[in-house]
Every structure is written in structure tokens, then in C-alpha cells.
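Please read these numbers as outputs of a predicted model, since none were measured by experiment. Values below: every heavy atom of this structure, side chains too, minus hydrogens, waters and symmetry copies. A note on names: the letters A, B, ... follow the listed sequences, proteins ahead of strands, and every chain is numbered from 1.
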Amino acid sequence: MVTPVKRSNALPKRCRLSARAEFQKIYAEGQRYDGRLMAAFLRKNELDHHRLGVTASTKAVGKSVDRNRARRLLRELFRRSADELNGLEKHYDWVINAKRSLLKSKEELRFTEFRRIVEQVARNERRS
RNA sequence: AGAGCAAGUCGGGUGAUCGCUGCUUCUCCGAUAAUUUCGAAUCUCAAAUUUGAGAUUUGAAAUACAGAGAAGGAGAGGAAAGUCCGAACACCAUAGGGCAGCGAGCCCGCUAACGGCGGGGCGUCCGAGCGAAUUCAGAUCUCAAACUUCAGACUUGAAAUUUCAGAUGAAGAAAGACUCGGACGACGACAAGUGCAACAGAGAACAGACCAGCCGGUGCGGUCAGAUUCUGAGAUCUCAAAUCUGAAACACAGGUGAUGGGUGAAACGGUGCGGCCCGCAAGGGCUAGUUUCAGAUCUGAGAUCUCAAAUCUCAGAUUUGAUUUGAGUAAGAGCGCACCGGCGCGCGUGGUGACAUGCGCGGCCAGGCAAACUCCUCGCGGUGCAAGACCAAAUAGGGAGGCGUAUUGAGAUCUCAGAUUUGAAAUUUGAGAUUUCAAAAUCGGGUUGCCCGCUCGAAGCCUCCGGGUAGGUUGCUUGAUCCAACUGGCAACGGUUGGGCUAGAGGAAUGAUCGCCAUCCCGAUGCGAAAUCAUCGGGAAACAGAAUUCGGCUUACAGGCUUGCUCUCAAA
RNA sequence: CGGGACGUGGCGCAGCCUGGUAGCGCGCACGCUUGGGGUGCGUGAGGUCGCGAGUUCGAAUCUCGCCGUCCCGA
């Protein structure tokens with residue numbers, strides 16, 4: 001597939017996870033990476049791109065306004081980190097759970113935390 | 001100018017970059033399994049050497065589909081929230097009626113409808129206001145106090161004066177009434193029935209009698225006063241004692257009744273009168289009782305020389321007659337009557353109506369609570385867009401039809417029938433069922449169309465029909481719509497004309513970052529006496545996210561604006 | 001989208017229907033019992049009855065509106 005080399009920060013719909021079964025599969029078989037603002041679950045897929053699923057529960061985040069905002073922030077984070085993700089050897093299905101502290105965090109903090117998680121994933125790739 | 005309250009309204013603006021979801025237009029690419037058009041090649045057929053028809057293959061274009069990209073334009077709320085009411089819409093159920101259950105409940109209007117909204121009525125509370133009536137005088141009556149006079153032993157009673165208080169419409173104030181304004185009201189019925197009310201209190205719902213009060217009765221000893229004396233002492237009039245009578249107080253048992261007290265959230269409406277007869281009434285008459293006088297009877301004491309009787313005098317009780325006054329009663333009435341107030345009923349007047357108001361009648365007095373049971377009137381079928389409609393994989397299964405499930409050989413087991421055998425048993429023959437092995441055949445798929453062959457699969461296979469899951473499409477945004485002008489109505493709201501199209505997601509889009517400008521707060525600097533102003537820096541900016549769609553209600557909410565009312569300050 | 005239940009001392013629950021006094025168990029504190037602890041006995045403290053309105057003379061209780069927790073159906 002000839003993807004345009006232009007900075008593709010887009011996140012179309014086919015890169016999203018939606019079915020409940022897929023989430024369950026990733027929770028069961030994937031690996032977990034914890035952060036202060038979020039928790040990520042990863043599982044390899046056979047596609048040529050990454051896929052993302054975001055969760056923000058009432059219990060963890062709060063009311064619907066806050067849940068919507070948390071979802072958007074995480075999607076934005078994933079979208080803008082395409083360069084880092086392309087650095088990985090394989091492609092994964094990601095499930096990121098939002099935490100309440102995400103809402104009050106600043107942008108840099110979010111990016112640094114996400115990059116740390118990506119580096120951990122890369123380290124695990126090299127080890128195996 | 002500031003503060004508070006109420007109502008209405010707005011809910012930061014603008015630009016850049018990167019994203020998301022629909023819509024419109026355009027470009028590119030893919031697959032050809034679709035359709036149409038055009039062209040080429042091969043084959044077949046017909047006429048005939050060039051056409052026509054058909055089939056197959058192939059190329060191009062368009063539409064549709066899928067993907068990518070570009071441009072344009074759109075993209076959360078006043079509450080999107082809570083899900084408390086009411087509807088639209090959809091499906092299911094349903095002859096009609098009743099019970100149960102749930103809900104609503106002053107009247108009229110608005111509305112598609114409502115438990116919503118507007119206006120009105122009534123009730124409770126609050127505030128303001130002005131005017132009217134009345135009063136500021138006199139008279140009369142009642143009570144109290146002081147003083148005076150008279151009577152009396154005291155208590156006390158009567159009269160007059162003064163003062164104070166009260167009643168008779170009764171200073172002022174308060175309250176009430178009237179007018180205006182505001183707030184609140186789940187505002188049918190407790191006068192159908194059942195029920196509830198702690199504590200306190202005498203008594204708490206056809207009530208009750210504690211204390212004070214009132215009444216007569218009884219009691220006892222004392223006190224006081226009077227009368228009398230076969231009494232005693234001093235002595236001719238006093239004291240003491242006894243007897244009788246009366247008075248006040250006390251005690252006891254009882255009666256009376258609701259006047260006052262006290263309790264409580266609440267204590268059964270208020271005031272007055274009280275015989276009988278006549279009379280509509282005004283009033284009149286009679287009687288009980290009262291005042292005075294007279295008589296009779298009884299009791300006690302004294303006198304008439306002594307005793308008894310009789311008579312006379314005095315005191316007390318009972319009773320008769322006359323006379324005076326003339327109804328209260330032993331105390332007095334929840335008993336009776338009247339009036340006022342409330343209530344109910346009837347009629348009239350005003351109002352669409354709730355209701356208001358006047359008159360008459362009744363003669364009821366009936367307390368509170370129905371967000372106590374209950375009764376009355378009215379309304380209510382159920383489920384909800386995951387409603388429902390359409391298209392429709394894979395797998396399993398349903399119905400109908402068709403083709404098959406065959407044949408041959410060998411073997412095993414079981415069942416039935418027959419034959420042989422005296423019988424059992426055994427042997428054997430035939431039929432049927434199950435099953436093992438082998439052979440060939442059948443059906444379906446693949447191998448470019450056909451045949452052979454090869455290969456895969458199967459005891460089933462094929463075709464059609466219907467239900468239907470995943471999934472997709474739709475319902476899904478043009479609507480009881482929005483804006484403006486005019487217009488009807490006190491208002492809620494309605495009408496006419498013109499214009500606009502303003503989110504439609506679906507594990508769920510509407511976001512992130514950075515500027516600038518406004519708003520508020522803090523700090524620094526500058527001009528300046530100060531406020532203000534200017535510049536710079538920092539900070540704050542709410543409640544909250546559409547999920548089928550509307551009309552309301554409720555709840556949350558930084559700040560701004562408008563209007564009205566009230567208060568404070570300043571100026572005039 | 002629709003339906004239901006609950007909220008009372010530190011914890012678990014009564015009381016609510018039928019309105020007037022908030023109670024039970026465990027725990028806590030103190031004392032006694034024991035050589036000490038436990039057990040046992042006795043005494044005591046501790047409650048805005050989730051919040052706000054209303055009805056009533058009076059509300060944990062009745063009514064309404066909010067808040068929170070939990071459960072169920074499609």
C-alpha cells in the first residue's frame with residue numbers, strides 16, 4: 001500500500017476499535033502498560049496499521065462531559081503521535097483507559113507519558 | 001450612585017494550524033460479479049462476397065458500488081440534565097359495562113394535550129393609605145375607695161359628696177371594617193360512617209366538677225351580743241355562772257352550677273330575660289313572696305297573797321285575715337325564651353362561572369385532622385424508536401417438490417416361517433432387518449465452454465418457499481418549526497403576510513494548540529494631591545454534552561444587560 | 001429507554017404501615033472478677049434519623065422535590 005508520505009495525522013474510522021469482543025480479547029491476551037494519566041493494553045494485529053480503542057468509565061472519570069473530553073484528549077494524543085508509532089516494528093491494537101487526572105493535566109505531560117509507554121513497547125520488541 | 005428583591009434576556013467574540021461526522025461539487029484509482037452504449041476478433045446461420053442476426057471473447061466510456069484526495073458550506077443547550085407530567089408517532093390487544101388499582105380535584109379561559117400557563121373568586125398572612133361613622137359633653141345605673149352623717153355591740157347597712165374604674169355605640173392606643181398593593185394556598189366533602197389527639201389538665205368530644213364561689217342542713221366547743229333568773233358574790237346595781245335566742249367564723253357530709261382560676265395546639269358561640277292568664281305588641285290582671293297591722297294556737301319566763309287551772313303582760317315559733325309592693329329562684333340553670341353571630345335551606349338581584357349581596361324560613365350550634373381510612377365527581381388498555389418497516393450472510397433447523405438412498409459377490413448377528421428329527425436340541429431352506437469387506441455405478445463441486453480423464457465430497461443431494469440472527473438501510477429530522485412586520489385579546493395565546501432551513505451521531509462526531517480583542521481580580525511602574533487613566537506581568541471565567549421528536553415542570557449555574565419596586569447616600 | 005429498593009450512634013439492623021418515649025446486637029470507655037489476659041457481671045458515653053420544603057398542635061414516621069448507593073428488564 002502506498003501511503004502518502006505527507007504527515008498523516010489523520011485517524012479515520014477504520015483505525016478504531018468498537019466491538020465489545022475485540023476489547024475483551026485485548027484485555028485477555030494483551031500486555032498492560034500503566035501510567036498516571038492512563039492505562040494501555042496492547043495486542044499484535046496482522047494489519048498494516050495500528051488500531052485504537054478508548055474507554056472512559058463513569059467510575060473512573062465522572063460525568064458525561066468529562067468522559068467525552070477524556071476520550072477526545074486520548075484520541076488526539078494517539079493521532080499526533082503517529083511518528084513514534086511508525087517507529088515500532090509491528091502493528092498493534094491499542095486500548096487506552098482514561099483516568100480522572102487526565103482532565104486536569106497539561107499537554108506536555110500527556111505526550112511525555114505516552115512516549116514513555118511507546119518506548120517500553122519498543123524495548124519489549126527488541127528483547128523478543 | 002450603591003445595595004437588595006422580582007421578572008425577562010444573553011450564556012464571550014475573532015483568526016491561524018492539525019483533526020472528526022454528514023451534505024454538495026470535482027478528480028483519481030479498484031473490481032468487474034451488474035446494466036447501457038460504442039468498437040474489434042472468432043464461430044454458427046441466412047441471403048450472398050458484402051451485409052444482417054445470434055453466441056462467445058476482449059477493449060473503451062457512462063451509471064451504480066467501494067476506497068483515496070481537493071474545494072465549498074454546516075456541526076450541542078438554556079437547561080441538551082432529572083425523567084416528574086402531557087402529547088405526537090409506531091406496534092400489540094380490544095363488543096359493551098362493572099369491580100379493583102392509579103391519578104386529578106375553586107371557577108373561566110388558553111392549548112394538540114396537560115398535574116402547565118393566564119385571568120378571576122375565596123381563605124390566611126403582611127404592608128400602606130385615606131375618608132366616613134363615632135368620641136372628647138350630659139344623664140342614668142353598678143362597683144370600689146376616701147371622708148361626712150345616721151342606725152347598730154361588732155361585722156355591717158343606708159344616704160349624700162368627691163375621686164377612680166366599668167357598662168349603656170364609650171378617650172387615646174390596639175383590634176376590626178373599608179380601599180390599594182404584595183406573598184402564600186395539593187382550595188370537593190369531617191353537617192354520611194369509622195377512627196386519632198402524647199404530656200399537662202377537673203374535664204379532650206352526645207365532656208367534666210379540682211380550687212375559689214353560692215345554698216340551706218348538721219355539729220361542736222370557744223368568741224361576741226341580747227333577754228331571763230328557785231343561782232352565787234359583793235351589794236341594789238354591777239360582775240360571774242346557767243338557760244334561751246341571734247350573729248360571725250370554723251368543721252363535716254351534701255346540694256347547686258359553670259361566674260372566676262389554672263392546663264393545653266384545641267375546653268363545646270355571645271348577651272339578656274325567666275310564675276300564671278289575656279293580648280300581635282304596648283300593656284293589663286291574678287297568685288306566691290315581701291312590708292305593716294290585727295287575731296288564733298303552742299312553748300318559756302314573769303305578774304295577779306301561795307299551789308293548780310284560767311286570765312293578763314313580754315319574747316319566740318306556727319298559722320289565719322286585712323294591707324303594702326308585686327315576681328324570679330334556697331343557691332340557680334347547658335332547662336325555656338328572645339336578640340346578635342355562625343350554619344343550613346328557599347327565593348330575588350349582579351356575574352359565563354367560582355362567588356357576592358338582600359330578604360325570608362329553619363331553630364341546627366355542628367370543634368380539629370381526609371398529605372387518617374373513607375365518600376363524591378372526573379380521567380386512565382398495554383408497550384415503547386432496542387417501537388416498527390425493508391434488505392439479508394454463515395451455521396443450525398422448518399415446509400413443499402424433485403432426483404436418489406441402488407445393484408452384485410463373500411461373511412457375521414438377530415427375528416419370523418417351513419422342512420428333517422419321538423421331543424428338546426441341532427441342521428438346513430426361504431424372507432426381512434442390522435452390519436463388515438470388495439467391486440462397479442449414482443449425485444454434487446473443482447479442473448476456462450463441452451466430452452473423456454483426474455481429483456474432492458456424500459448417503460444424501462438439488463430446487464423453491466417461509467421464519468429469522470449478525471450486519472445493512474429506513475424510521476431521522478419541514479416541524480403543534482424559527483424570524484420579521486401588521487393585527488385580535490387585560491393576559492396566556494391566536495390570526496394574516498413575507499422570508500428562512502438552522503446537528504443528525506450510532507461503543508456514539510461537534511475536539512486540541514497558539515494568537516488578538518473584550519469582562520473581572522491581583523501586583524508593579526508612570527502622570528497625579530487623590531480617585532481615575534495608561535503600560536507591563538500574572539490569574540479567573542459557571543452549570544454542563546444532543547441519542548425518536550415536541551409542550552411544560554423541577555433542579556444546577558460564573559458573569560453581563562434591560563425593566564419594575566424598596567432602602568441608603570449625595571445634589572437640586 | 002423503563003422499573004424497583006434502600007439511606008437511623010463507629011459497624012450491622014429494628015422502629016415508619018397505625019405520627020407524640022429513638023431501641024437491639026457487636027464495638028468503645030470505666031469499674032468489678034483473675035496473678036495477668038480472655039470470658040463473665042455492672043455502669044456509661046456516643047444519633048443533624050441523607051438534604052430541603054409542606055401538612056399537622058406535633059414528623060425518623062405522612063406528602064412533594066432534590067442528593068447518594070444498589071438492583072432489575074429490554
Side-chain angles (χ1 to χ4, degrees):
Chain A
M1 180 173 171
V2 188
T3 46
V5 190
K6 181 187 173 187
R7 267 193 303 131
S8 171
N9 286 342
L11 188 68
K13 216 158 203 184
R14 61 188 160 78
C15 300
R16 302 251 197 95
L17 293 172
S18 63
R20 176 180 163 77
E22 292 176 317
F23 278 79
Q24 296 290 343
K25 211 176 192 177
I26 293 164
Y27 284 137
E29 303 176 7
Q31 286 182 304
R32 176 170 182 150
Y33 300 88
D34 269 312
R36 284 173 68 187
L37 308 178
M38 66 198 85
F41 296 81
L42 279 84
R43 181 177 173 278
K44 287 176 198 166
N45 66 13
E46 306 301 324
L47 304 170
D48 54 1
H49 53 80
H50 296 278
R51 290 193 300 179
L52 174 68
V54 177
T55 74
S57 66
T58 314
K59 211 170 173 182
V61 179
K63 296 187 173 182
S64 53
V65 183
D66 300 326
R67 291 202 304 273
N68 282 340
R69 189 173 148 77
R71 257 201 303 271
R72 286 161 183 159
L73 287 174
L74 286 180
R75 226 182 302 128
E76 180 81 5
L77 199 62
F78 193 84
R79 183 174 69 78
R80 300 268 295 275
S81 304
D83 292 341
E84 287 88 342
L85 292 171
N86 288 333
L88 295 174
E89 295 176 2
K90 293 168 182 172
H91 297 286
Y92 297 91
D93 287 341
W94 296 66
V95 170
I96 305 184
N97 294 5
K99 296 186 179 178
R100 195 184 293 273
S101 51
L102 181 75
L103 295 172
K104 291 179 183 172
S105 63
K106 292 189 178 178
E107 203 186 17
E108 305 173 28
L109 222 159
R110 276 178 250 140
F111 272 98
T112 50
E113 175 151 334
F114 189 70
R115 286 203 195 92
R116 216 190 59 235
I117 289 174
V118 174
E119 282 169 18
Q120 284 181 10
V121 175
R123 228 179 295 136
N124 284 351
E125 273 185 343
R126 265 176 257 126
R127 201 176 303 155
S128 62

J.: Can you list the stems that include RNA chain C, where a stem is three or more consecutive Watson-Crick or G-U pairs with distances under 3.5 Å?
T.: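 Stems (3+ consecutive pairs) listed as C:1-7 with C:67-73, C:10-13 with C:23-26, C:28-32 with C:40-44, C:50-54 with C:62-66.
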J.: Specify the residue among Val65(A) and Arg72(A) whose closest nucleotide of RNA chain B lies further upstream toward the 5′ end.
T.: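 Result: Arg72(A).
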J.: Quick one: does Leu85(A)'s side chain get under 4.5 Å of Trp94(A)'s, heavy atoms only?
T.: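 Leu85(A) reaches Trp94(A) side chain to side chain.
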J.: Compare side-chain N and O positions of Arg79(A) against OP1 and OP2 of A512(B) and report whether any pair is under 4.0 Å apart.
T.: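 Negative; the distance criterion is not met.
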J.: Give the rounded distance in Å between these two atoms: CG of Asn97(A) and C1' of G507(B).
T.: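 It is 13 Å, rounded to the nearest whole Å.
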J.: If you assign Asn68(A) and Thr55(A) each to the RNA chain B nucleotide with the nearest heavy atom, which residue ends up on the more 5' nucleotide?
T.: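 The 5'-side residue here is Thr55(A).
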J.: Distance between the C1' atoms of G382(B) and C378(B), in whole angstroms?
T.: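 G382(B) and C378(B) have their C1' atoms separated by 22 Å.
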J.: Which is it for G22(B), anti or syn, if anything within 90° of zero counts as syn?
T.: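 Base orientation: syn.
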J.: With both distances under 3.5 angstrom, what nucleotide forms a Watson-Crick or G-U wobble pair with C335(B)?
T.: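 Pairing partner, where one exists within any strand: G274(B).
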J.: Please determine whether residues Val118(A) and Tyr92(A) belong to a single hydrophobic cluster, defined as Ile, Leu, Val, Met, Phe, Trp and Tyr linked transitively by side-chain heavy-atom distances below 4.5 Å.
T.: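 Yes, Val118(A) and Tyr92(A) fall within the same hydrophobic cluster.
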J.: Between P on G511(B) and CG on Leu77(A), what's the gap in Å once rounded to a whole number?
T.: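 Interatomic distance, CG of Leu77(A) to P of G511(B): 18 Å.
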J.: Tell me whether the OP1 or OP2 atom of A544(B) has a side-chain N or O from Lys63(A) closer than 4.0 Å.
T.: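 Answer yes for this pair, as a side-chain N or O of Lys63(A) is under 4.0 Å from OP1 or OP2.
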J.: Do the side chains of Glu113(A) and Arg36(A) get close enough for a salt bridge, i.e. N-O under 4.0 angstrom?
T.: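 Not counted as a salt bridge, because no side-chain N and carboxylate O are separated by less than 4.0 Å.
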J.: Can you tell me how far C1' of A509(B) sits from CZ of Arg67(A), to the nearest Å?
T.: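 It works out to 16 Å between those atoms.
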J.: Measuring only the P atom in each nucleotide, how far is A251(B) from A303(B)? A whole number of Å is fine.
T.: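 Each nucleotide's P atom is 46 Å from the other's.
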J.: From the set A546(B), U513(B), C18(B), return the single nucleotide nearest to any side-chain atom of Ser64(A).
T.: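 Given the options A546(B), U513(B), C18(B), the side chain of Ser64(A) is closest to A546(B).
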J.: Rounding to 10 degrees, work out the angle separating the end axes of the helix from U292(B)-A322(B) to A303(B)-U311(B) (five pairs an end).
T.: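 Computed from the C1' atoms at both ends, the axes differ by 10°.
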J.: Between A88(B) and G118(B), how far apart are the two C1' atoms, rounded to whole Å?
T.: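 Here A88(B) and G118(B) have their C1' atoms 25 Å from each other.
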J.: Which part of the nucleic acid, if any, lies within reach of Arg69(A) when heavy atoms closer than 4.0 Å are counted: base, sugar-phosphate only, or nothing?
T.: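 Sugar-phosphate contact only.
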J.: Syn or anti for U502(B), given that syn means the glycosidic angle lies within 90° of 0?
T.: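 Syn conformation for U502(B).
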J.: Determine: side-chain N/O of Arg75(A) to OP1/OP2 of A512(B), distance under 4.0 Å, yes or no.
T.: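 Negative; the distance criterion is not met.
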